[in-house]
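Presented below is the structure to which this report refers.
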Amino acid sequence: MRIAELFYSIQGEGALIGVPSVFVRTSGCNLRCSWCDTPYTSWKPEGAELTLDQILDEVRAHPARHVVVTGGEPMIAPEIIPLTQRLRDAGLHITIETAGTVFEPVACDLMSISPKLANSTPNDPAWGPRHERLRIQPEVLAELMGRYSFQLKFVVARPEDLEEIRALLSIFPGARHHVILMPEGTDRDTLAERGAWIAEICKEEGFRYSPRLHVDLWGNQRGV
Ligand code: SF4
């Protein structure tokens, strides 16, 4: 299985923010967000081939009860089902961070779904149209939300993103109380500026707000 990085840190986003967790980051993605903060898993994928035994050994080397399988898009990783089953057998709480465009019947305790909004579509002749066509898959979202405990985490860059979020929630009204808004940005100043008005939107709409704690603490680095 191609793994871009495997490291121990704290969860920096979403409902489990602050929880010490081992991150298993698969390499490869079916989308190409213009602002992708892990281009080494998408635009220029890299990583080492690790066996499931090697992954499990590395995960268990850390004193964490939580594991986060992220990417890239972990749902397209060829061994994602046996990997998640092995992690469950090891007694770990599993979060999967996915854009919600592909369904696989994985073992998962928290499905962290981050549908990509129009602000993500790259101005790229090869990838732009494909990304735009793929980024919202209502049937896949319905399947993921129906089968798992989930959070719907939106990366917000501009006020008009809210119109798109509202349109999506009109299809899935029951998902409203699972929504988390998070500012797009990989530096503290951008996050602080966007965070201020996004927090006001959260108050108005009753959405949860998430900072990007790992960026606040360590900046935009790999392995944190
Ligand atoms: S879905 Fe995630 S990994 Fe894939 S391009 Fe977008 S931000 Fe990057």
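Numbering of ligands and ligand atoms starts at 1, following listing order. Numbering starts at 1 and runs along the sequence shown.
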TODO: Flag the pair Phe207 / Arg176 as yes when at least one side-chain heavy-atom distance between them is below 4.5 Å, and no otherwise.
DONE: yes
TODO: For Leu31, counting its heavy atoms only, list the atoms of ligand 1 lying under 4.0 Å from any of them.
DONE: 5 (S)
Task: Pair His131, Ser120: side-chain N/O donor-acceptor within cut-off below 3.5 Å - done: yes
Open item on the list: Using side-chain heavy atoms (C-beta onward) and a distance below 4.5 Å, is Pro105 in contact with Arg147?
Closed with: yes
- [ ] Could you list the atoms of ligand 1 found under 4.0 angstrom from a heavy atom of Ser42?
- [x] 5 (S), 8 (Fe)
- [ ] Quick one: look up the protein heavy atom nearest atom 6 (Fe) of ligand 1 and list residue, atom name and how far away it is.
- [x] Cys33 SG, 2.3 Å
Open item on the list: Do Trp43 and Cys29 have side chains that approach each other closer than 4.5 Å (heavy atoms only, starting at C-beta)?
Closed with: no
Task: Ligand-residue contact atoms, ligand 1 with Gly72, heavy atoms, under 4.0 Å - done: 3 (S)
Open item on the list: Within the 4.0 Å heavy-atom shell around Arg32, which atoms of ligand 1 are there?
Closed with: 5 (S)
Open item on the list: Give me the residue, atom name and distance of the protein heavy atom closest to atom 8 (Fe) of ligand 1.
Closed with: Cys36 SG, 2.3 Å
Open item on the list: So if I count the atoms of ligand 1 from 1 in the order they appear, which ones are less than 4.0 Å from some heavy atom of Thr41?
Closed with: 3 (S)
TODO: Could you tell me whether the side chains of Glu97 and Gln11 share a donor-acceptor contact shorter than 3.5 Å?
DONE: yes
Task: His178 and Phe150 aromatic ring geometry - parallel, tilted or perpendicular at 30°/60° bounds - done: parallel
TODO: State the atoms of ligand 1, each with its element, that fall below the 4.0 Å cut-off from a heavy-atom position in Lys116.
DONE: 1 (S), 6 (Fe)
Open item on the list: Taking N, O or S atoms only and a limit of 2.8 Å, check whether Cys29 reaches atom 4 (Fe) of ligand 1.
Closed with: yes
Task: Test item: side-chain donor near acceptor, Ser34 and Asn123, under 3.5 Å - done: no
Open item on the list: Taking 4.0 angstrom as the limit and counting only heavy atoms of Thr38, give me the atoms of ligand 1 inside it, by number and element.
Closed with: 3 (S)
